[in-house]
Amino acid sequence: MSQIRVLLVGAGGREHALGEALHRSEAQLYVAAPTVNPGLKRRATEYFNVSVEDGASITARARQVGAQLAVLGPDAAVASGVGDTLRAAGIPTVGPGREAAQIESSKAFAREFLARNGIQETPRFRIVRSAGDVEAAMADFGDTPLVVKPSGLTGGKGVLVAGVDFASTEEGRKLAKDLLQSTGQPVVLEERLEGEEFSLMAFVDGARVYPMPLVKDYKRALDGDLGGNTGGMGSFSTRDHLLPYVTASDRDQAVSVMERTVSAMRKEGLDYRGVLYGGFMATAHGPVLLEYNARFGDPEALNVLTVYDGTDFAPLLLSLAEGHLRTTFLQFRRRATVVKYLAPPGYGASPSPGGTLTVDEATLARNAITLYYGSVTPGPKPGTVVMGTSRAIALVGEASSLREALGRVEEGLASVRGDYAMRRDIATAIDLKKRTTHMESLRGGTRAKAPGKAENHTRSGPQPPQVFG
Ligand code: AMP
Ligand code: GLY
């Protein structure tokens, strides 16, 4: 296959990983983003300084360089309809248009879409648009612990969970009303579910769903799932492409939710071409969908792209964007991966930018530890970078077991100096044990089942609970 000219939109860690995978497939890479990612800079034939939401400028650049494919990284690019502008100019694009992207950009749209299409594997929810709605919804939910979510994009950071981010029903009521006021958008109130989360990303070519390996993302800023919700502090994937506490049956049920979603989209005239990402909670009664994203996850992309097997990533994405994904290009190695993000101190609450990291790239490369740059700018000396306010750099380890993959990342940390925030519990044996035990106890609980609780979810129709172990 001859070289494919690809315009990649975005410049975070996810886009650096996408850029490297495209580079491995000998694509000729062009990048459009408002900041310069030092890793992407090296790979790009040309780097255009534009906003990721500026569809007109991005399309003009794509035409100028004769791009045969465009790939949208960030949620903002997808949500603002850059995909529509590119496709209107005849450029095959990975990333849905504005209307379909509402599955991520408007939680109210997503919940209503799923409900009217009979896709019931979601938490019980109410969309509130006024203080009166809040009162009525709270009366309906009674004592059920709730989650309060702004409808619009928040980078995964705006969701408030009872018992974690707030204590009493009273506080929840006030938070919901405050959010309505401050965002001027609807707010979703939903039941808080108990379980363990997993990310399922799939390629979607308008018609079919092609799942990638499952990934566990660590969303909270601090060890033990404490601190604020972040974009994700790190993640892991395993060699069997499941998670220690997520069974093949859970995965298959989650894939089925996504397949029904895509066929409902087709029915409603939405041609979804891109990556669909389901954030699921494995519960005692099967997986429940917490949210959709209309793009690759970050850090999840770093896990799956590491085990993407082959040199055909650009042709794979081109076949997707043209509406007929070529499955011969779709292969993932049976290897485990661990990703750790290093972020500015205070990330997740109030990050302090400006700190310098010294990175020994040569040693990392020698030890086969992958480094991706995120929100950084070149530093004062060679081998240094300055952190912005978001996740700065990611280290990725790949090995035949999770333990070894984690060992590689830990070894890699010796090659990075500076003052940064990082989670220490990602993919550790203790963390995995805790999550597995939690899931076992929930699943065990269904055998001795609390009837009221089970009904909440069996209404949503997942298969009978899978007994773990
Ligand atoms: P979201 O942006 O909807 O994925 O929410 C961000 C995070 O909030 C999720 O990853 C969960 O950790 C938590 N969360 C969201 N919805 C629920 C829910 N219904 N029950 C429990 N936790 C939730
Ligand atoms: N890691 C979560 C996200 O990409 O939204």
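Order of listing sets the numbers, starting from 1, for every ligand and every atom in it. Heavy atoms only: backbone and side chains are in, while hydrogens, waters and symmetry mates are out. A quick note: this is a predicted structure, and the numbers were derived from the prediction, not measured. Numbers here simply count residues along the sequence, with the first being 1.
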Per-atom contacts of ligand 2 with [X], taking only distances under 4.0 Å to non-hydrogen atoms:
{"X": "Gly231", "value": "1 (N), 2 (C)"}
{"X": "Asp217", "value": "1 (N), 2 (C)"}
{"X": "Arg295", "value": "3 (C), 4 (O), 5 (O)"}

For ligand 1, does Glu190 get within less than 4.0 Å through its side chain, its backbone, both, or neither, judged by non-hydrogen atoms?
side chain

Answer with side chain, backbone, both or neither: which part of Glu194 has a heavy atom less than 4.0 angstrom from an atom of ligand 1?
neither

List every atom of ligand 1 that sits less than 4.0 Å from any heavy atom of [X], numbering the atoms from 1 in the order shown and giving each element.
{"X": "Glu197", "answer": "9 (C), 10 (O), 11 (C), 12 (O)"}
{"X": "Glu191", "answer": "18 (C), 19 (N), 20 (N)"}
{"X": "Arg192", "answer": "20 (N), 21 (C)"}
{"X": "Met281", "answer": "21 (C), 22 (N)"}

Distance-only, no hydrogens or angles: does the [X] side chain make a donor-acceptor pair with backbone N or O of [Y] under 3.5 Å?
{"X": "Asn37", "Y": "Tyr373", "result": "yes"}
{"X": "Arg391", "Y": "Gly231", "result": "yes"}
{"X": "Glu191", "Y": "Arg124", "result": "yes"}
{"X": "Thr436", "Y": "Pro244", "result": "no"}

Judging by distance only, is a nitrogen or oxygen of Pro123 under 3.5 angstrom from one on ligand 1?
no

Location of contacts on [X] toward ligand 2, heavy atoms closer than 4.0 Å:
{"X": "Glu300", "value": "side chain"}
{"X": "Phe296", "value": "neither"}
{"X": "Asn293", "value": "side chain"}

Could you check whether any side-chain heavy atom of Glu440 comes within less than 4.5 Å of a side-chain heavy atom of Tyr245, counting everything from C-beta outward?
no

Going by heavy atoms in the side chains, are Asp217 and Glu197 under 4.5 Å from each other?
no

Can Arg220 be said to touch ligand 1, with heavy atoms closer than 4.0 Å?
no

Is there a nitrogen or oxygen of Asp298 sitting under 3.5 Å from a nitrogen or oxygen of ligand 2?
yes

Measure the spacing between NZ of Lys41 and NE2 of His16 and express it to the nearest 0.5 Å.
13.0 Å

Honestly, is Lys216 close enough over Tyr218, meaning NZ or CZ under 6.0 Å from the six-membered ring centre and within 45° of the axis?
yes

Looking at ligand 2, does Pro299 have a heavy atom less than 4.0 Å from it?
yes

Closer than 4.0 angstrom: is that true for some heavy atom of Gly297 and an atom of ligand 2?
yes

Scan side-chain atoms only and decide if Glu268 and Asn117 contain a donor-acceptor pair under the 3.5 Å cut-off.
yes

Near Arg220 CZ, under 6.0 Å, is it more than 12 heavy atoms from other residues, nucleotides or ligands?
yes

Verify the ring-centre separation between Tyr277 and Phe296: is it less than 6.0 angstrom?
no

Could you pull out, from Lys219, Lys107, Lys149, the option with a heavy atom nearest to atom 2 (O) of ligand 1?
Lys107

